[in-house]
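Being a predicted model, the structure only gives us computed values, none of them experimental.
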Amino acid sequence: MASERPLVLIAGATGRTGESIVKGLLASGNFRIAALVRPESISKPIVETFRRSGVEIRIGDINDSEEKLTEALAGVDVFISTVVAWLIDEQKGAIRAAKAAGVKRVIPCDWATPGDKGVRGLHDQKLAIREFIQELGLPYTFIDVGWWMQVSLPLPERSNSLLKESTNTIYGDGSKRILLTDLNHIGTYVARIIADPRTLNQAVMIWEEEPTQLEIREIGARVSAEGDALRARRAYVSEDQLRKELAEAKAALKKDPTDIAAKTTIVVNEYMLSVHILGENSLENAKRLGYLDVQELYPDMPKPATLEEYAKEFYAMDDPGSA
């Protein structure tokens with residue numbers, strides 16, 4: 001009976017990762033699905049699409065009182081958080097509410113690249129939330145996905161994206177391997193992971209391909225219609241330059257804690273150092289950190305498209321920057 005299927009509540013369901021998860025869970029047919037939607041987001045078209053698809057809409061906010069959040073989590077078996085970066089610390093109330101409501105598995109907001117403490121401030125916040133969950137004794141699964149394919153390829157000249165130049169930059173020597181996942185496939189993996197007892201109280205690494213940055217840039221040059229132009233526009237940033245910019249941004253933020261540009265530079269450069277200089281976003285490193293490999297867990301899943309195959313779809317768009 002449908003009522004016997006586990007109930008999954010997703011916070012941040014209208015975001016890109018959240019939407020992918022909702023779609024993946026719906027496609028599996030193995031779950032009842034609810035979305036925690038803020039009152040100001042209730043009129044969004046995506047919310048109506050969810051409702052028509054059979055998703056239960058529960059009105060609430062990650063910043064609500066624990067009492068309200070406990071009510072919102074009533075009857076929930078699995079709680080998944082995909083909140084925006086600046087709400088990472090605000091998950092604690094919902095996590096305490098999940099414990100009070102008897103939730104059987106909590107998946108906090110990770111959905112990025114693996115790494116050690118002390119390299120990225122944002123990642124350290126996520127690791128602190130993991131420790132908070134473990135201290136509460138809540139059953140959990142931690143899930144990272146590497147880098148999205150959607151933001152890995154160099155954008156062509158016709159793109160209006162502000163990220164155009166950064167997508168055609170080589171950091172360091174470009175030789176570090178990078179775990180990539182198609183954003184649209186994340187939910188398909190999540191549907192398997194949260195139904196699997198082997199992943200309870202474990203970290204899982206979702207990934208589909210592991211090229212180097214140089215290989216990614218060459219795939220873009222080869223598949224797009226702007227190969228020579230992309231190669232000519234390619235920029236190079238050394239480790240020394242990254243660290244210098246990072247130190248300057250930290251100094252600026254110390255002088256003015258409201259400096260948004262400095263905050264942005266810190267987050268971006270810390271990620272670039274982690275991924276492209278230290279090589280933290282690799283399968284080898286994920287396994288060193290104790291992650292289970294999604295490809296080893298589910299060898300029966302259909303083989304995903306390669307980055308080169310995805311690139312053909314990407315460069316066929318009017319503006320790939322909107323992917």
Side-chain angles (χ1 to χ4, degrees), residues 8-25 33-47 49-50 55 57-66 68-69 72-73 78-98 106-115 120-130 132-133 140-148 150-152 161-163 166 181 183-184 186-187 190 206 253 257-272 274-275 281 321-323:
V8 182
L9 177 71
I10 302 158
T14 61
R16 298 192 71 186
T17 298
E19 181 182 8
S20 176
I21 292 171
V22 169
K23 288 179 177 179
L25 299 185
I33 306 162
L36 185 68
V37 177
R38 293 174 299 157
E40 57 267 37
S41 297
I42 198 67
S43 61
K44 287 183 177 180
I46 190 173
V47 175
T49 299
F50 286 163
V55 175
I57 304 301
R58 297 190 177 188
I59 306 301
D61 190 294
I62 201 79
N63 284 314
D64 282 345
S65 68
E66 287 180 36
K68 285 186 177 180
L69 287 166
L73 285 157
V78 180
F79 171 53
I80 299 176
S81 175
T82 63
V83 297
V84 292
W86 54 87
L87 292 178
I88 295 299
D89 292 340
E90 308 308 314
Q91 295 175 101
K92 288 185 177 180
I95 291 164
R96 282 190 289 260
V106 170
I107 295 91
C109 186
D110 285 306
W111 315 110
T113 60
R120 293 169 284 158
L122 179 58
H123 185 60
D124 287 351
Q125 289 179 268
K126 294 180 178 182
L127 294 179
I129 291 294
R130 293 184 182 191
F132 181 72
I133 290 169
Y140 63 84
T141 303
F142 304 140
I143 304 175
D144 271 319
V145 300
W147 212 252
W148 293 352
Q150 280 76 1
V151 294
S152 66
S161 173
L162 296 175
L163 299 175
S166 65
T181 303
L183 165 66
N184 298 311
I186 290 173
V190 171
I206 294 175
L253 191 63
T258 65
D259 189 332
I260 299 300
K263 289 180 180 180
T264 302
T265 297
I266 290 168
V267 171
V268 171
N269 282 27
E270 285 181 343
Y271 263 86
M272 296 306 100
S274 167
V275 173
N281 185 30
S322 63

* Nearest heavy-atom pair of A35 and A13: which atoms, and what distance? -> CB-CB, 3.8 Å
* Flag, side chain of D144 to backbone of G146, donor-acceptor distance under 3.5 Å -> no
* Structure fact -> Minimal heavy-atom distance between L69 and I62, with the atoms involved, is CD1-O, 3.7 Å
* **Considering all heavy atoms, the nearest Q91-C109 contact** => OE1-N, 3.0 Å
* Backbone of P257 reached by a side-chain donor or acceptor of K263 within 3.5 Å -> yes
* Less than 4.5 Å apart, any side-chain heavy atom of T181 and any of W147? -> no
* Asked: Where is the tightest heavy-atom contact between G115 and L127, given as atom of each residue plus distance?
  -> O-CD1, 4.3 Å
* Evaluate the side-chain proximity of I21 to W111: yes if any heavy-atom separation is below 4.5 Å, no if none is. => yes
* Asked: Within a strict 4.5 Å, meaning less than it, do heavy atoms of the V83 and E90 side chains meet?
  -> no
* To do: Establish, from distance only, whether the side-chain atoms of R120 and T113 form a donor-acceptor pair under 3.5 Å.
  => yes
* Asked: Can you tell if the side chain of I42 reaches within under 4.5 Å of the side chain of P39, non-hydrogen atoms only?
  -> no
* Asked: Just by distance, do the side chain of D110 and the backbone of A112 share a donor-acceptor pair under 3.5 Å?
  -> no
* Asked: For L36 and G60, which heavy atoms make the closest approach, and how far apart are they?
  -> CD1-CA, 3.6 Å
* Asked: If you count the non-hydrogen atoms of other residues, nucleotides and ligands that lie under 6.0 Å from NZ in K23, is the total more than 12?
  -> no
